[in-house]
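Since the structure comes first, as C-alpha coordinates, the remarks are kept for the end.
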Amino acid sequence: MEPVHPEFVPDPSLSQTEMEALQRNIAEAARFDDDLGFSPDTMARAGDTPDDDQTTLTGGDRTTAPPLVAGVDQAFVDDRAVSAIVVLRNGEVIERVSAVKRTEIPYIPGLLSFREGGAILAAFAELETDPDVVLVDGSGRIHFREAGLATHIGVTLDVPAVGVAKSLLCGTPAQSLEETYPEGTRIPIAADDSVETCPNGTVIGHAVQTRQYDSPNRYINPLIVSPGHRVSASTAADLVEGTADGYKLPEPTRLADSYADEAKAASSDPSE
DNA sequence: GCGACAG
DNA sequence: ATCTTGTCGC
(Lines give C-alpha, C1' and ligand atoms only; values in the text may rest on other atoms or scores of the structure.)
Protein backbone atom coordinates (compact mmCIF):
# COMPACT_ATOMS: atom_id res chain seq x y z
CA MET A 1 0.00 0.00 0.00
CA GLU A 2 1.06 3.55 -0.79
CA PRO A 3 0.73 6.87 1.10
CA VAL A 4 -2.64 8.58 0.73
CA HIS A 5 -1.02 11.77 2.03
CA PRO A 6 2.42 12.17 0.39
CA GLU A 7 2.80 15.55 2.10
CA PHE A 8 3.06 13.74 5.44
CA VAL A 9 5.79 11.29 4.43
CA PRO A 10 8.57 11.72 7.01
CA ASP A 11 11.52 13.61 5.52
CA PRO A 12 14.71 13.17 7.60
CA SER A 13 16.34 16.19 5.92
CA LEU A 14 13.89 18.64 7.50
CA SER A 15 15.06 20.86 10.34
CA GLN A 16 13.85 19.96 13.80
CA THR A 17 11.48 22.92 13.73
CA GLU A 18 10.02 21.77 10.43
CA MET A 19 9.62 18.24 11.75
CA GLU A 20 7.67 19.55 14.72
CA ALA A 21 5.49 21.70 12.47
CA LEU A 22 4.71 18.67 10.31
CA GLN A 23 3.76 16.72 13.42
CA ARG A 24 1.26 19.38 14.42
CA ASN A 25 -0.36 19.11 10.99
CA ILE A 26 -0.46 15.33 11.28
CA ALA A 27 -2.07 15.56 14.70
CA GLU A 28 -4.79 17.77 13.25
CA ALA A 29 -5.46 15.29 10.46
CA ALA A 30 -5.51 12.40 12.92
CA ARG A 31 -8.80 10.97 14.14
CA PHE A 32 -8.70 9.66 17.69
CA ASP A 33 -12.13 8.06 17.55
CA ASP A 34 -13.35 4.80 16.03
CA ASP A 35 -13.54 4.62 12.26
CA LEU A 36 -12.80 0.98 11.62
CA GLY A 37 -14.11 -1.20 8.83
CA PHE A 38 -15.02 -3.91 11.31
CA SER A 39 -16.42 -4.48 14.78
CA PRO A 40 -13.67 -4.62 17.40
CA ASP A 41 -15.43 -7.63 18.91
CA THR A 42 -15.06 -9.84 15.83
CA MET A 43 -11.52 -10.58 16.88
CA ALA A 44 -11.31 -14.32 16.67
CA ARG A 45 -8.04 -15.86 17.78
CA ALA A 46 -5.90 -18.82 16.92
CA GLY A 47 -7.59 -21.95 18.20
CA ASP A 48 -11.08 -20.57 17.85
CA THR A 49 -13.61 -22.64 15.98
CA PRO A 50 -13.80 -21.41 12.37
CA ASP A 51 -17.60 -21.75 12.12
CA ASP A 52 -18.00 -19.36 15.02
CA ASP A 53 -17.92 -16.67 12.41
CA GLN A 54 -20.80 -17.92 10.32
CA THR A 55 -24.21 -16.31 10.14
CA THR A 56 -26.77 -16.85 12.83
CA LEU A 57 -30.29 -16.53 11.41
CA THR A 58 -31.79 -14.71 14.36
CA GLY A 59 -28.69 -13.11 15.83
CA GLY A 60 -26.84 -10.00 14.76
CA ASP A 61 -24.66 -9.84 11.67
CA ARG A 62 -21.91 -12.36 12.19
CA THR A 63 -20.99 -12.82 8.56
CA THR A 64 -18.09 -10.39 8.85
CA ALA A 65 -14.75 -12.11 8.44
CA PRO A 66 -12.25 -11.51 11.23
CA PRO A 67 -10.16 -8.39 10.53
CA LEU A 68 -6.71 -8.38 8.96
CA VAL A 69 -4.37 -7.14 11.67
CA ALA A 70 -0.83 -6.10 10.78
CA GLY A 71 2.12 -5.83 13.13
CA VAL A 72 5.12 -3.63 12.27
CA ASP A 73 8.52 -3.67 13.90
CA GLN A 74 12.12 -2.70 13.13
CA ALA A 75 15.60 -4.06 13.70
CA PHE A 76 18.84 -2.20 13.06
CA VAL A 77 22.20 -3.00 11.48
CA ASP A 78 24.80 -0.27 11.58
CA ASP A 79 23.23 2.60 9.64
CA ARG A 80 20.34 0.64 8.24
CA ALA A 81 16.83 0.00 9.49
CA VAL A 82 15.04 -3.24 8.65
CA SER A 83 11.27 -2.93 8.81
CA ALA A 84 9.05 -6.01 8.91
CA ILE A 85 5.30 -6.31 8.57
CA VAL A 86 3.29 -9.43 9.38
CA VAL A 87 -0.43 -9.59 8.60
CA LEU A 88 -2.67 -11.99 10.50
CA ARG A 89 -6.32 -12.96 10.29
CA ASN A 90 -7.77 -15.10 12.99
CA GLY A 91 -4.27 -15.71 14.35
CA GLU A 92 -3.07 -17.05 11.01
CA VAL A 93 -0.27 -15.43 8.98
CA ILE A 94 -1.61 -14.08 5.69
CA GLU A 95 1.42 -12.17 4.44
CA ARG A 96 4.79 -10.87 5.58
CA VAL A 97 7.21 -8.46 3.97
CA SER A 98 10.33 -6.53 4.89
CA ALA A 99 12.38 -3.62 3.59
CA VAL A 100 15.76 -2.11 4.38
CA LYS A 101 16.62 1.57 4.35
CA ARG A 102 19.49 3.68 5.60
CA THR A 103 18.80 5.66 8.77
CA GLU A 104 19.48 9.33 8.08
CA ILE A 105 19.21 10.68 11.59
CA PRO A 106 19.87 9.41 15.12
CA TYR A 107 17.17 8.50 17.61
CA ILE A 108 15.67 11.66 19.05
CA PRO A 109 12.79 11.30 21.55
CA GLY A 110 9.72 12.79 19.92
CA LEU A 111 11.07 12.48 16.38
CA LEU A 112 11.21 8.70 16.04
CA SER A 113 9.10 8.59 12.87
CA PHE A 114 11.72 10.59 10.97
CA ARG A 115 14.29 7.91 11.75
CA GLU A 116 12.17 4.79 11.17
CA GLY A 117 9.30 6.01 9.01
CA GLY A 118 11.10 5.67 5.69
CA ALA A 119 11.84 1.98 6.18
CA ILE A 120 8.29 1.35 7.40
CA LEU A 121 6.69 3.01 4.37
CA ALA A 122 9.07 1.10 2.10
CA ALA A 123 7.83 -2.13 3.68
CA PHE A 124 4.19 -1.06 3.24
CA ALA A 125 4.91 -0.41 -0.44
CA GLU A 126 5.78 -4.13 -0.70
CA LEU A 127 2.63 -5.24 1.07
CA GLU A 128 -0.15 -6.59 -1.16
CA THR A 129 -2.70 -7.06 1.59
CA ASP A 130 -4.75 -4.12 2.82
CA PRO A 131 -4.82 -4.50 6.60
CA ASP A 132 -7.90 -3.41 8.58
CA VAL A 133 -5.71 -2.11 11.37
CA VAL A 134 -1.98 -1.75 11.98
CA LEU A 135 -0.16 -2.24 15.29
CA VAL A 136 2.95 -0.06 15.33
CA ASP A 137 5.80 -0.39 17.81
CA GLY A 138 5.97 2.92 19.64
CA SER A 139 3.59 5.65 20.68
CA GLY A 140 0.61 7.10 18.88
CA ARG A 141 -1.26 9.88 20.62
CA ILE A 142 0.98 9.56 23.68
CA HIS A 143 3.41 12.08 22.27
CA PHE A 144 4.39 15.71 22.91
CA ARG A 145 2.41 16.83 19.85
CA GLU A 146 0.03 13.84 19.67
CA ALA A 147 1.90 12.64 16.61
CA GLY A 148 3.95 9.59 17.54
CA LEU A 149 5.13 6.94 15.10
CA ALA A 150 1.77 5.12 15.00
CA THR A 151 -0.07 8.36 14.27
CA HIS A 152 2.41 9.40 11.59
CA ILE A 153 2.14 6.05 9.79
CA GLY A 154 -1.63 5.76 10.25
CA VAL A 155 -2.39 9.26 8.94
CA THR A 156 0.06 9.04 6.04
CA LEU A 157 -1.45 5.76 4.83
CA ASP A 158 -4.91 6.64 6.14
CA VAL A 159 -5.23 3.28 7.82
CA PRO A 160 -6.49 2.61 11.36
CA ALA A 161 -3.40 2.40 13.56
CA VAL A 162 -2.52 1.66 17.17
CA GLY A 163 0.66 2.50 19.05
CA VAL A 164 2.13 -0.29 21.18
CA ALA A 165 5.08 0.82 23.33
CA LYS A 166 7.02 -0.81 26.14
CA SER A 167 7.55 2.36 28.10
CA LEU A 168 5.88 5.69 28.64
CA LEU A 169 7.08 8.68 26.60
CA CYS A 170 4.94 11.32 28.29
CA GLY A 171 1.63 11.85 30.04
CA THR A 172 0.49 10.97 33.56
CA PRO A 173 -0.87 7.53 34.56
CA ALA A 174 -3.97 7.51 36.79
CA GLN A 175 -2.14 5.06 39.04
CA SER A 176 1.53 4.36 39.57
CA LEU A 177 3.07 2.02 36.99
CA GLU A 178 5.56 0.85 39.59
CA GLU A 179 3.05 -1.52 41.13
CA THR A 180 2.34 -5.07 39.96
CA TYR A 181 -1.08 -5.41 38.35
CA PRO A 182 -3.08 -8.49 37.35
CA GLU A 183 -3.79 -9.39 33.73
CA GLY A 184 -6.53 -7.30 32.22
CA THR A 185 -5.69 -4.19 34.22
CA ARG A 186 -6.06 -0.99 32.24
CA ILE A 187 -4.72 2.31 33.56
CA PRO A 188 -5.64 5.55 31.77
CA ILE A 189 -2.83 7.89 30.74
CA ALA A 190 -3.81 11.57 30.86
CA ALA A 191 -2.30 14.46 28.95
CA ASP A 192 -0.25 16.80 31.14
CA ASP A 193 1.90 19.87 30.50
CA SER A 194 4.30 17.82 28.38
CA VAL A 195 1.54 17.31 25.81
CA GLU A 196 1.36 20.72 24.18
CA THR A 197 -1.50 20.12 21.74
CA CYS A 198 -4.44 19.13 23.95
CA PRO A 199 -6.04 19.99 27.29
CA ASN A 200 -4.57 18.47 30.44
CA GLY A 201 -6.57 15.50 31.60
CA THR A 202 -7.42 14.23 28.13
CA VAL A 203 -7.07 10.44 28.09
CA ILE A 204 -4.44 9.83 25.42
CA GLY A 205 -3.90 6.11 25.99
CA HIS A 206 -3.66 3.31 28.55
CA ALA A 207 -1.16 1.11 30.29
CA VAL A 208 -2.45 -2.39 29.50
CA GLN A 209 -1.44 -5.47 31.46
CA THR A 210 -1.74 -8.17 28.79
CA ARG A 211 0.25 -10.67 30.77
CA GLN A 212 1.27 -11.25 34.38
CA TYR A 213 2.94 -14.01 36.37
CA ASP A 214 0.71 -15.90 38.78
CA SER A 215 3.27 -16.22 41.50
CA PRO A 216 5.50 -14.18 43.80
CA ASN A 217 8.37 -11.85 43.22
CA ARG A 218 8.58 -11.83 39.46
CA TYR A 219 6.50 -9.39 37.45
CA ILE A 220 5.84 -8.07 33.95
CA ASN A 221 5.47 -4.38 33.08
CA PRO A 222 2.34 -3.26 31.25
CA LEU A 223 2.31 -2.23 27.59
CA ILE A 224 1.65 1.41 26.79
CA VAL A 225 -1.14 1.52 24.22
CA SER A 226 -2.42 4.61 22.44
CA PRO A 227 -4.55 5.55 19.42
CA GLY A 228 -2.61 6.10 16.22
CA HIS A 229 -5.37 7.03 13.79
CA ARG A 230 -9.10 6.24 13.39
CA VAL A 231 -9.16 4.38 16.71
CA SER A 232 -10.25 5.50 20.19
CA ALA A 233 -8.12 4.95 23.27
CA SER A 234 -10.37 2.22 24.65
CA THR A 235 -10.70 0.41 21.32
CA ALA A 236 -6.93 0.56 20.90
CA ALA A 237 -6.62 -1.25 24.23
CA ASP A 238 -9.33 -3.73 23.17
CA LEU A 239 -7.47 -4.54 19.95
CA VAL A 240 -4.20 -5.15 21.74
CA GLU A 241 -5.84 -7.33 24.38
CA GLY A 242 -7.76 -9.17 21.68
CA THR A 243 -4.67 -10.09 19.70
CA ALA A 244 -2.43 -10.98 22.64
CA ASP A 245 -2.13 -14.73 22.99
CA GLY A 246 -0.20 -15.83 26.05
CA TYR A 247 2.58 -13.29 25.63
CA LYS A 248 3.04 -9.70 26.69
CA LEU A 249 3.10 -8.47 23.08
CA PRO A 250 0.14 -8.89 20.74
CA GLU A 251 0.78 -11.66 18.19
CA PRO A 252 1.16 -9.43 15.09
CA THR A 253 3.80 -7.35 16.89
CA ARG A 254 5.58 -10.39 18.27
CA LEU A 255 5.78 -12.05 14.86
CA ALA A 256 6.91 -8.83 13.17
CA ASP A 257 9.60 -8.51 15.81
CA SER A 258 11.08 -11.93 15.11
CA TYR A 259 10.65 -11.55 11.36
CA ALA A 260 12.59 -8.28 11.51
CA ASP A 261 15.40 -10.16 13.26
CA GLU A 262 15.34 -12.83 10.54
CA ALA A 263 15.44 -10.26 7.78
CA LYS A 264 18.25 -8.48 9.57
CA ALA A 265 20.31 -11.66 9.81
CA ALA A 266 19.66 -12.41 6.14
CA SER A 267 20.57 -8.88 5.08
CA SER A 268 23.94 -9.12 6.82
CA ASP A 269 24.67 -12.66 5.68
CA PRO A 270 27.66 -12.86 3.24
CA SER A 271 26.32 -16.05 1.64
CA GLU A 272 23.42 -14.07 0.31
C1' DG B 1 20.84 25.98 32.84
C1' DC B 2 18.60 21.22 34.45
C1' DG B 3 15.51 17.41 33.91
C1' DA B 4 13.02 14.00 30.81
C1' DC B 5 12.11 11.57 26.86
C1' DA B 6 8.97 5.71 22.22
C1' DG B 7 12.95 2.93 19.46
C1' DA C 1 17.22 -0.29 19.32
C1' DT C 2 21.73 -3.24 20.47
C1' DC C 3 25.40 -5.95 23.29
C1' DT C 4 24.63 -11.17 26.12
C1' DT C 5 24.71 -15.47 30.55
C1' DG C 6 22.47 -17.04 33.76
C1' DT C 7 18.26 -17.88 36.12
C1' DC C 8 13.47 -18.39 37.42
C1' DG C 9 9.16 -20.89 36.75
C1' DC C 10 5.64 -23.95 34.54
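Throughout, protein chains are lettered first and strands after them, A, B, ... in sequence-line order, and every chain is numbered starting at 1.
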Could you go over nucleotides 4-7 of chain B and give all protein N or O partners under 3.5 Å, atom names and distances?
unit_1	atom_1	unit_2	atom_2	d
B/dA6	OP2	A/Tyr107	OH	2.7
B/dA6	N7	A/Gly110	N	3.1
B/dA6	N6	A/Gly110	N	3.4
B/dA6	N6	A/Gly110	O	3.1
B/dA6	N6	A/Leu111	N	3.2
B/dA6	N6	A/Leu112	N	3.1
B/dA6	N1	A/Leu149	N	3.2
B/dA6	N3	A/Ser139	N	3.0
B/dG7	OP1	A/Lys166	N	2.7
B/dG7	OP2	A/Ser167	OG	3.4
B/dG7	O3'	A/Asp137	OD2	2.8

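Within the 4.5 Å cutoff, side-chain heavy atoms of A/Pro66 are placed close to those of A/Arg89. A/Ser226 places none of its side-chain heavy atoms less than 4.5 Å from the side chain of A/Ile189.
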Task: Paired and unpaired positions of DNA chain C as dot-bracket, Watson-Crick or G-U wobble under 3.5 Å, | denoting a partner strand - done: ..........

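At a threshold of 4.0 angstrom between heavy atoms, the contacts of A/Ala81 with the nucleic acid are absent.
Considering only side-chain N and O atoms, A/Lys264 lies under 4.0 angstrom from the phosphate OP1 or OP2 of C/dT2.
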Open item on the list: Would A/Arg186 and A/Asp238 count as a salt bridge (Lys or Arg N to Asp or Glu O under 4.0 Å) here? Give the steps.
Closed with: CA-CA 10 Å; A/Arg186 212 178 270 203; A/Asp238 290 341; 2.9 Å; yes

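At a cut-off of 3.5 Å, with distance as the only test, no side-chain donor of A/Ser39 or A/Thr42 sits close to an acceptor on the other residue.
Atom CD1 in A/Ile105 sits roughly 17 Å away from atom P in C/dA1 (whole-Å rounding). Taking atom CD1 of residue A/Ile220 and atom P of nucleotide C/dC8, one finds them 17 Å apart after rounding to whole Å. One can place CG of A/Asp78 at 10 Å from P of C/dC3, the figure rounded to the nearest angstrom.
A donor-acceptor contact shorter than 3.5 Å links the side chain of A/Gln209 to the backbone of A/Ile220.
Cluster note: A/Leu169 groups with A/Phe144 through ILVMFWY side-chain heavy atoms spaced under 4.5 Å, whether in direct contact or through intervening members.
Within a 6.0 Å radius of CZ in A/Arg211, more than 12 heavy atoms belonging to other residues, nucleotides or ligands are found.
Under 4.0 Å is where a charged nitrogen must lie from a carboxylate oxygen, and between A/Asp78 and A/Arg80 no such pair does.
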